[in-house]
**Student:** 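Starting off with a structure, shown below.
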Amino acid sequence: MNRRVLVGIFTCEEDILGATRAARARGLRVVDVFAPYAVHGMDRAMGLRPSRLSLVCLLAGATGAVLKLWFEIWTAAVDWPVNVGGKPWNSLPAFVPITFEVMVLFAGLATVAAFLLKAGLRPGRKPRLVDPRITDDRFALVLEQADASFDVDSVRGLLSRFNATEVEERVEEGRR
Amino acid sequence: MHSRILTVVLVIALGFTLALLGSRSGRVHLPGNQQDYEPVQPIAYSHRLHAGELQVPCLYCHFAAEQSRHAGIPPASVCMNCHRLVTAPLGALHAEEELAQKEKRPPRPLVSAELRKLYDALALNAKLESDPARTPRPIAWTRIHQLPDFVYFDHRAHLRAGVECQRCHGPVESMERVRQVADLSMGWCVNCHREVNRTGVYGPAVRASIDCSTCHY
Amino acid sequence: MQHYWKSLEEREHGALAEGEFPENPLQTPAGRNRRGFLKAAGFSFASAVLAGCRRAPVGKAAPNLVQPEGILPGRAVYYASTCTACPAGCGLLVKTRDGRPIKLEGNPEHPVSRGGLCAVGQASILGLYDRLRLKQPLAGGKAVTWDEADRAILARLDSLRSLPGAVRFLTGTITSPTVAWAIGQFLKGFREAQHIQYDALSSSAILDAHQRTHGVRVLPRYRFEKAEVIVSFDADFLGAWISPVEFTAGYSAARNPELTTPPLAWHAQIESRMSLTGSKADRRIIAAPDEIDGLVARLAGEIESGRPEGELARRLLAARGRSLVLSASQDPATQALVNQINHRLGNYGATIDLDQPSYQRRGNDRDAENLLREADAGKIAALFVAGANPVYDLPGGEAVRKVPLVVSFAERLDETAAIAHYVCPDRHALESWGDAEPVSGVTGILQPVIQPLGGTRQLVETLAVWAGAPRPACEIVRERWREQHPDDFENFWEATLERGFAAREPKQPQARAFVSPQPPRQNTSQAGWSLVLYPTPGMLDGRHAYNPWLHELPDPITKVTWDNYASLAPGAAGKLGITDGDVIRVAGLELPAVIQPGQHERTVAVALGYGSRLSERFAQAGPEWIEALPTLGPNGRIGWNAAPLARFENGSLRYVRAGVEPVKTGRRWELARTQDHHSLGSPRRPIIQEISPEEFATARPAGDPREELWPPDHPFTGHRWAMTVDLNACTGCSACVIACQVENNTPVVGKDEVRRKREMHWMRIDRYYSGPPEAPEVAHQPMFCQQCEHAGCETVCPVLATVHSEEGLNQQVYNRCVGTRYCANNCAYKARRFNWFEYARQDRLANLVLNPDVTVRSRGVMEKCTFCVQRIQEAKMEARRLGRAVRDGEVQTACQQSCPAGAIVFGDLNDPKSRVAQLMRSGRRYRVLEEINSRPSVGYLKVVRRRGGQRHG
Amino acid sequence: MAEPCSVLTRPLIEGGKNLAQVTGDVCAPMERRPGALWWVAFLTAFGMLAAGVAAVTYQIATGIGVWGLNNTVGWAFDITNFVFWIGIGHAGTLISAILFLLRQRWRTSVNRAAEAMTLFAVICAGIFPVIHMGRPWLAYWIFPYPNFRGPLWINFRSPLAWDAFAISTYFIISATFWYVGLIPDLATVRDRARPGLRRKIFEFFSLGWDGSCRTWHRYEKVYLLLAGLATPLVVSVHTIVSWDFATSVIPGWHATIFPPYFVAGAIFSGMAMVLTLMIVARKAAHLEDYITVRHIETMAKLVIATSGMVALAYGTEFFTAQYSGNLYERFVFLNRAAGPFAWAYWIMVGCNVGVPQLLWFRRVRTHLAAVFVISLLVNVGMWFERFVIIVTSLHRDFLPANWTSYRPTSIEIATLVGSFGLFFTCFLVFCRVLPMIAMGEVKSVLSYGHKPKEEA
């Protein structure tokens with residue numbers, strides 16, 4: 001389903017931040033904001049919920065650790081107990097290092113995987129750039145023209161107050 | 001795109017399992033696994049006939065098994081214990097005798113092609129006397145159950161413990177040509193040892209060690 | 001507090017005086033073909049190409065057509081025989097597998113050797129599988145058939161039959177009655193022909209002396225086990241003197257605190273160089289070679305007068321009839337004095353047996369000397385040489401070249417065979433019928449244990465052919481024996497073959513008149529240098545110079561392999577500015593110096609038996625790679641031949657030579673030592689522990705503290721294998737080292753690898769000095785895998801290649817090993833050996849000696865002592881087959897079996913009655929590095945040291 | 001916008017760059033043709049690598065015997081190099097993770113290169129445990145996988161097994177971390193690139209990044225989490241490496257001080273290596289404004305700090321050895337300082353404790369050439385530290401009968417050279433094909449210490 005959006009391009013951090021805040025204050029729907037780097041405070045400006053990736057990380061790590069520890073004890077003490085230097089079948093202290101490593105491995109990979117999935121980043125995905133210079137030195141604010149109440153001119157005014165270099169209307173087909 | 005990753009993972013997993021199962025199920029073999037090896041032997045000796053029909057005990061020919069680590073391949077002299085007289089399939093011999101009696105003549109000596117090879121090896125002439133003109137040549141059988149050089153298997157202990165031959169060598173008495181039934185992998189040995197330690201060999205408890213030095217030294 | 005140390009530069013400059021990198025001469029490329037290995041298992045395999053899509057190569061198995069009686073594939077058969085590696089004639093049990101001998105073991109019932117077998121005997125089996133052994137007769141260096149050789153030689157001989165004194169038959173000591181008889185028979189066909197025996201390691205003077213004093217020219221038999229005081233003038237009876245195994249057995253029996261009732265035999269050694277025997281002495285007196293005879297005279301005087309001045313005389317007189325004085329002097333006069341001492345002490349008939357004399361030395365130096373003189377003068381027309389190599393080992397032996405017809409019976413192309421006109425190769429003992437009477441009344445039998453490899457012919461057969469009565473050796477021997485034992489011969493013969501020897505009842509001691517010798521003129525010792533030539537326990541007179549095992553066997557004292565050298569006293573070397581490895585010139589011989597503590601200041605000692613042409617074969621010993629260094633010396637051989645430096649002096653071959661000044665040449669030659677420099681540091685490390693007889697008397701039984709940090713997950717029910725090593729008994733003779741090597745297929749790695757400290761011996765003998773360098777005390781410590789219960793090696797192996805068995809064995813699984821070497825690093829005893837290269841060889845013949853019960857290790861895997869687990873397994877299987885338990889003493893490790901001193905005991909610790917369990921409780925028992933709590937399964941028995949102190953004579 | 005105050009906001013990036021300039025400057029080296037200097041460097045490095053490859057091939061074909069090891073000294077160059085490279089590999093993660101958690105913003109200019117360095121160092125390190133095996137073709141046996149041997153697993157009690165897991169985990173996590181950090185910059189490069197293969201490649205690897213702040217939001221989270229994971233990881237890795245020695249019985253190895261000692265040493269050597277590379281790189285790639293003297297100075301401070309820790313460890317070792325009263329322990333340390341390998345010991349002390357003291361002086365810290373030389377010496381010193389620990393402890397341990405010496409062969413030396421070749425080859429290639437500086441991060445700190453625009 002197509003929709004009409006208003007895109008404002010900015011050249012500096014402060015402006016885009018201000019514009020975003022103002023737009024949301026006005027109750028406009030911010031589709032997204034684009035920036036060449038992580039703009040500090042933008043998440044609050046856009047009102048994003050805190051990410052739940054930490055939870056993924058925790059769970060994955062825990063799983064890894066438990067699995068590995070079980071595997072070590074099972075192989076060394078249950079499946080084939082071998083007398084190694086007179087150590088007890090279940091030499092727990094000796095099993096700790098690998099358990100830790102595997103925990104980190106699981107946690108790290110799972111987190112990154114989750115991130116890529118959530119952000120929909122994947123090899124071969126065609127980037128939809130609002131402006132070719134987004135990855136260089138431009139910032140863009142994309143506002144949805146939700147309904148008739150959306151007054152293009154006043155919004156243009158708002159954006160130019162934050163010295164937007166250009167403001168244009170676009171039709172965006174489909175959702176990302 | 002989740003599905004793509006998922007498929008890849010699944011395919012890999014599947015392949016691995018197949019590799020494992022496959023090599024178990026004799027069709028595909030990992031390197032070094034000689035399971036189902038069934039070479040042609042210099043003499044088409046039939047275990048089905050001897051061990052099966054005629055019920056010759058294994059230890060009659062493989063007599064070393066009781067006293068040595070090797071079961072041994074019987075020397076030709078052992079074959080001659082019977083084949084000095086039995087020079088061809090019994091049926092053929094009887095037929096010839098009856099025919100001879102009918103025709104009132106001494107039976108013609110019959111020698112089957114395979115047994116001929118045995119006699120040649122022993123350098124025996126038609127009358128089965130050793131022929132000085134010829135030199136005896138040992139028979140080079142093709143080994144089927146071969147363990148790597150670093151593995152020491154001892155038949156003695158296994159016989160003593162009451163493990164019968166078929167347990168490792170399979171139903172040899174039903175094989176025309178002997179085939180390696182077990183894969184003779186280390187796991188195969190070890191797991192049998194573990195099992196008998198729990199269950200015993202058909203009743204009587206045994207101590208089958210799974211120490212490395214039981215087989216490797 | 002005693003301070004042990006092992007070399008001089010560190011003794012001088014403390015423990016830390018060594019270049020960070022030992023000097024390495026430039027490497028020269030050594031071309032050598034790839035090595036691989038053929039495992040000879042129960043059957044003989046003909047490996048074939050891959051059949052179709054099969055993964056493993058097709059193996060062929062060819063069973064016998066007719067199975068020999070009593071031989072089963074995979075079962076070892078033992079035959080009793082007699083060792084001919086030297087004239088000592090020890091009893092053998094030859095272990096054969098599938099028709100090939102793979103190991104020689106001592107025959108425990110043999111009255112002379114009593115179950116021991118020395119390093120040389122152990123190694124001699126390799127001679128059987130020697131690629132370079134002569135396989136048919138040679139005429140003028142060209143191979144011919146026996147018929148051609150026989151005809152040609154007989155043709156030459158016919159012309160000589162009537163010529164008086166034209167034919168000489170030269171041999172080493174012949175202990176075989178049959179061979180002696182055969183030679184006699186053969187020589188009957190010639191006028192005034194003579195059979196001459198000589199020994200390259202001669203004791204001729206002892207025989208001559210008994211001729212003078214007792215009227216019989218024999219070597220008496222020394223009974224060390226009956227002695228309480230042993231005084232030896234330079235006689236290395238534990239090392240290489242006459243019959244070391246026999247003597248060691250007696251000696252350690254007389255000095256075993258567990259078995260013998262006190263007092264333990266007290267032993268004083270008077271010598272100029274550090275000998276193996278000297279290293280065990282309670283009192284070691286260092287005297288210049290030319291002083292020793294004087295000391296004998298002085299002792300004789302004290303004994304005569306009955307007024308002892310020195311400790312020796314005092315102790316001797318206190319032990320009349322229980323003492324033993326011997327000398328290796330080659331001066332008959334001195335030996336006569338020794339006889340006089342023993343006579344006065346009443347040792348004849350007690351510790352010295354003249355009624356059952358020894359035939360281990362029969363050589364007569366005077367005859368040999370005359371022979372060479374005649375040969376030089378061209379008086380001899382034909383010379384037959386058997387079991388001797390005069391060109392190599394006699395001074396002036398070159399004279400043999402002048403004989404128009406020289407016939408050698410050598411097994412290999414040695415120096416004499418090389419110049420001989422005809423070589424009629426004798427068979428290896430293991431292929432031969434024969435007999436040997438090392439000691440009067442004890443006659444050992446030799447029986448063939450394998451079909452002859454190659455077309456050789458036994459000496460007796462050859463002689464029989466030439467005497468015109470060709471007969472197989474077996475018949476000749478049997479006939480000789482039948483004459484001795486006419487009644488019920490067949491049964492006697494069977495029994496003898498089974499036992500390996502026949503022993504006669506000892507003769508009644510007959511009274512002999514003792515003729516006192518006239519006191520010899522005192523040769524005043526001039527203060528000059530003297531050169532001493534001596535045999536090493538490994539190389540003896542060089543007859544086994546073909547044997548790589550013996551070359552790689554470290555000398556028990558200096559730990560040098562693959563070379564001989566001139567040893568010098570530390571002080572003297574210091575004065576001359578000579579250090580280890582400096583090439584010095586001694587009496588025209590140039591060879592590297594080794595600084596030897598405990599040697600006399602004015603003495604240079606050089607080992608015999610090296611530099612033989614038999615050692616030229618070792619050009620390819622050791623692996624080939626870009627930085628590899630050659631094994632052979634600049635002369636293209638191993639070591640340098642010192643025999644020409646000996647000389648004849650009024651009728652005996654002297655190994656001492658006065659007036660030789662060692663001169664530094666400025667060149668260097670790096671020796672390959674398995675153990676060199678560095679001290680146990682001070683405070684001394686408690687690795688070698690000692691105990692005095694008094695302490696031992698009151699010592700409490702040894703126990704083991706059992707603090708457990710971990711839960712007791714590993715109870716050793718069933719067997720618990722363990723070993724004890726008696727450091728008091730161990731003489732360091734190194735028989736165990738070779739025994740282990742033969743048993744466990746340990747490869748020879750060559751000089752360069754040893755130089756790089758990569759020797760593969762699982763069993764090594766550590767040697768430590770203590771006390772002042774000019775007169776140190778010595779301790780020998782056999783060291784090998786201690787089979788620790790808390791083994792460091794096991795914990796660190798990532799792939800479980802070394803783990804512990806339920807029977808307390810530290811198992812090493814070669815096929816699992818990936819070769820991280822972490823285990824070796826973490827072994828406190830450094831008992832592990834790594835296969836740095838593919839050491840196994842492609843030599844199919846030599847590989848027949850390999851033990852089929854032990855895996856041959858490939859490149860890149862770790863290995864170590866296994867407590868001869870293959871023997872344990874065999875014993876267990878056999879016991880299981882017979883439905884009984886393994887008995888104590890049934891499992892004997894290779895080292896234990898060979899040990900002449902019985903220093904090693906192996907067994908089941910869980911059986912409280914087993915010998916090892918008892919010894920583990922002995923008050924002498926301790927464990928090496930007990931403090932790191934690795935819980936070794938090996939217990940050492942402390943040295944019983946009676947501080948006799950040392951002094952210069 | 002409040003007036004920025006205090007040294008905290010001293011400019012990190014000099015030359016008053018704007019965003020576009022940053023992009024331009026950082027991408028410049030990738031878009032330029034390589035200069036002669038680069039080629040010389042590259043060919044040299046590649047030659048070294050080739051030598052190493054030849055040496056290793058020969059060794060694997062012939063046997064470990066081509067190394068100078070013996071029955072007593074079972075490890076020497078091989079494990080020395082291994083520990084050395086692992087140590088080097090620690091700086092990257094340290095800078096990108098620990099300093100990130102500590103909010104050290106100056107890290108942004110150097111972390112990319114440092115992380116790359118980490119990866120290459122870990123690759124170099126990872127080679128040695130494999131080739132040091134007698135039968136490297138069986139190296140996979142140290143991982144537990146289903147098999148037909150029972151199944152027979154591995155010995156999880158062995159520090160070598162721990163190593164295997166630690167190293168591989170460390171490599172995977174640092175690689176991921178590095179790549180995640182790269183994604184936005186890859187996108188930048190992609191968008192500058194003319195259509196064509198180059199663009200395609202970057203498109204592929206930038207995963208369709210479009211700078212959405214929603215993604216940025218998650219991205220920061222991931223980055224934080226990875227940093228949080230990498231920090232204990234980096235500590236654990238060298239701890240485990242140190243356990244290879246600490247868990248043994250060999251005097252000189254068997255020491256509880258090893259883990260902290262090794263970690264400090266690792267950071268020490270790592271920092272030194274970063275300095276070495278950065279000082280060259282900033283010149284070569286004209287990035288003086290990004291990698292400023294301030295960066296160098298800060299890292300120099302870290303070097304001297306860690307040098308202090310290492311020095312403390314050396315002292316403690318000696319003290320405990322003497323204080324323990326254990327005669328084997330005592331001997332080993334005396335033997336280190338005065339034995340046959342004393343020269344190595346004193347090189348170690350000189351380079352690791354002596355030389356870095358110069359960095360106390362600001363003049364030295366800010367004098368690039370001086371810092372460069374010092375950092376080189378520290379690297380040498382740290383290599384010898386490992387050599388001393390391994391060889392001097394082994395060559396004279398409990399039984400004097402075993403005492404030997406050690407002498408490296410040409411093959412071993414070639415292998416060491418080869419590992420450096422590999423390292424520099426990788427690094428030089430990296431400088432050509434990837435942004436050496438994390439643009440995304442630099443841009444975010446660009447405004448630091450600069451007055452906000454409206455007042456300008």
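A, B, ... follow the sequence lines: proteins, then strands. Residue 1 opens every chain. This structure is a prediction, so every number in the text was calculated from the model and none was measured.
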**Student:** I need the residue from C:Leu929, C:Val818, C:Asn835 with the largest number of non-hydrogen atom pairs under 4.5 Å to chain D.
**Tutor:** C:Val818
**Student:** Taking the six-membered ring where the residue is Trp, are the ring centres of D:His395 and D:Tyr406 under 6.0 Å apart?
**Tutor:** no
**Student:** Students often mix this up, so state it plainly: with edges at 30° and 60°, are the rings of C:Tyr940 and C:Tyr926 parallel, tilted or perpendicular?
**Tutor:** tilted
**Student:** Give, as side chain, backbone, both or neither, the part of C:Met783 having an atom under 4.5 angstrom from any heavy atom of chain D.
**Tutor:** side chain
**Student:** Measure C:Arg816 against the heavy atoms of chain D and call it side chain, backbone, both or neither at under 4.5 Å.
**Tutor:** both
**Student:** Excluding sequence neighbours, so at least two apart, what forms side chain to side chain contact (heavy atoms under 4.5 Å, CB included) with D:Pro144?
**Tutor:** A:Lys68, A:Phe71, D:Trp153, D:Ile154, D:Phe156, D:Phe165
**Student:** Under 4.5 Å heavy-atom distance to chain C, tell me which part of D:Ala337 shows up: side chain, backbone, both or neither.
**Tutor:** neither
**Student:** With a 4.5 angstrom heavy-atom cut-off, which part of D:Tyr140 approaches chain C: side chain, backbone, both or neither?
**Tutor:** neither
**Student:** Under a 3.5 Å cutoff, is there a donor and acceptor pairing between the side chains of D:Thr404 and D:Asn70?
**Tutor:** yes
**Student:** Would you find more than 12 non-hydrogen atoms of other residues, nucleotides or ligands less than 6.0 Å from C:His790 atom NE2?
**Tutor:** yes
**Student:** Sequence neighbours excluded, which residues qualify as side chain to side chain donor-acceptor pair (under 3.5 Å) partners of C:His804?
**Tutor:** C:Glu794
**Student:** Is chain C contacted by the side chain of D:Asp244, its backbone, both, or neither, given a heavy-atom distance below 4.5 Å?
**Tutor:** both
**Student:** Measure D:Ser393 against the heavy atoms of chain C and call it side chain, backbone, both or neither at under 4.5 Å.
**Tutor:** neither
**Student:** Tell me, side chain or backbone of D:Ile79 under 4.5 Å from chain C's heavy atoms, or both, or neither?
**Tutor:** neither
